[in-house]
Amino acid sequence: MQKILKIVLIVIGVLGAIMSFFMMPSKDDPDAINSVGITIMFLLTYLLLIVATITALFFGLKKMMTTPGGLKKTLFSIGGLVILAIIGYALAGGEQEVVDTMATRGLETTTGTVKTIGMLLNVFFGMTIIAVLLMVLPGIKKLIGK
């Protein structure tokens with residue numbers, strides 16, 4: 001199955017490369033975004049994105065179901081993400097000053113939107129810190145253990 005997917009992706013990549021050489025509009029064309037070449041390139045991009053998403057989901061779910069303890073690890077990871085999201089939401093502020101500043105710039109927003117954006121930023125920073133710790137701590141353990 002993986003070999004077939006690789007071959008399909010290679011064919012699509014070669015097709016995209018060939019089309020990029022022969023079907024792209026000239027740089028002087030003011031309506032270049034509506035050309036056939038650009039439309040086909042967007043369609044190929046969407047196709048590749050769909051294939052990559054389906055493949056990642058299929059093989060990820062397959063490995064999760066076939067690996068002993070895989071479902072348990074997945075549930076713990078999802079639980080950790082939910083806890084991180086709850087902490088991020090609790091730490092996020094929905095300041096009225098931000099809403100007022102956005103309104104002066106012509107962007108209508110609410111305190112809920114500001115709080116949600118703050119929560120997402122907090123989750124991103126939390127996941128970044130966790131990723132860095134997971135990369136650094138094993139190295140420190142090896143140094144101390146020797």
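Owing to the predicted nature of the structure, the values given are computational and were not obtained by experimental measurement.
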Interatomic spacing from [atom1] in [X] to [atom2] in [Y] - rounded to 0.5 Å:
{"X": "F125", "Y": "I130", "atom1": "CZ", "atom2": "CD1", "result": "14.0 Å"}
{"X": "T66", "Y": "L61", "atom1": "OG1", "atom2": "CG", "result": "10.5 Å"}
{"X": "L137", "Y": "I144", "atom1": "CG", "atom2": "CD1", "result": "9.5 Å"}
{"X": "K72", "Y": "L75", "atom1": "NZ", "atom2": "CG", "result": "10.5 Å"}
{"X": "L43", "Y": "I12", "atom1": "CG", "atom2": "CD1", "result": "11.5 Å"}
{"X": "I78", "Y": "K73", "atom1": "CD1", "atom2": "NZ", "result": "14.5 Å"}

If Ile, Leu, Val, Met, Phe, Trp and Tyr residues are connected whenever their side-chain heavy atoms lie under 4.5 Å apart, and connections chain through other members, are [X] and [Y] in the same group?
{"X": "I87", "Y": "F124", "result": "no"}
{"X": "L81", "Y": "L120", "result": "yes"}
{"X": "V8", "Y": "L48", "result": "yes"}
{"X": "F58", "Y": "L47", "result": "yes"}
{"X": "V114", "Y": "L107", "result": "yes"}

query: So do F59 and T55 actually touch side chain to side chain, heavy atoms under 4.5 Å?
result: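 Yes; the side chains approach each other to less than 4.5 Å.
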
Minimum heavy-atom distance between A92 and G118, given as atom pair plus value: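 Smallest heavy-atom distance, with atoms named: CB-C, 3.6 Å.
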
- request: Kindly give the heavy-atom pair with the smallest separation between P138 and L133, and that separation in Å.
  value: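 So the two residues come closest at CD-O, 4.1 Å.
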
- prompt: Quick one: does T67's side chain have a donor or acceptor within less than 3.5 Å of a partner on M64's backbone?
  reply: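 Here the side-chain-to-backbone pair does not exist.
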
- prompt: Only one of V51, L57, I50 clears side chain to side chain contact (heavy atoms under 4.5 Å, CB included) with I54; which?
  reply: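 Answer after filtering V51, L57, I50: I50.
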
message: Does anything in residues 110-129 form a side chain to side chain donor-acceptor pair (under 3.5 Å)? List the pairs, not counting sequence neighbours.
response: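 Qualifying pairs, neighbours excluded: T110-T113.
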
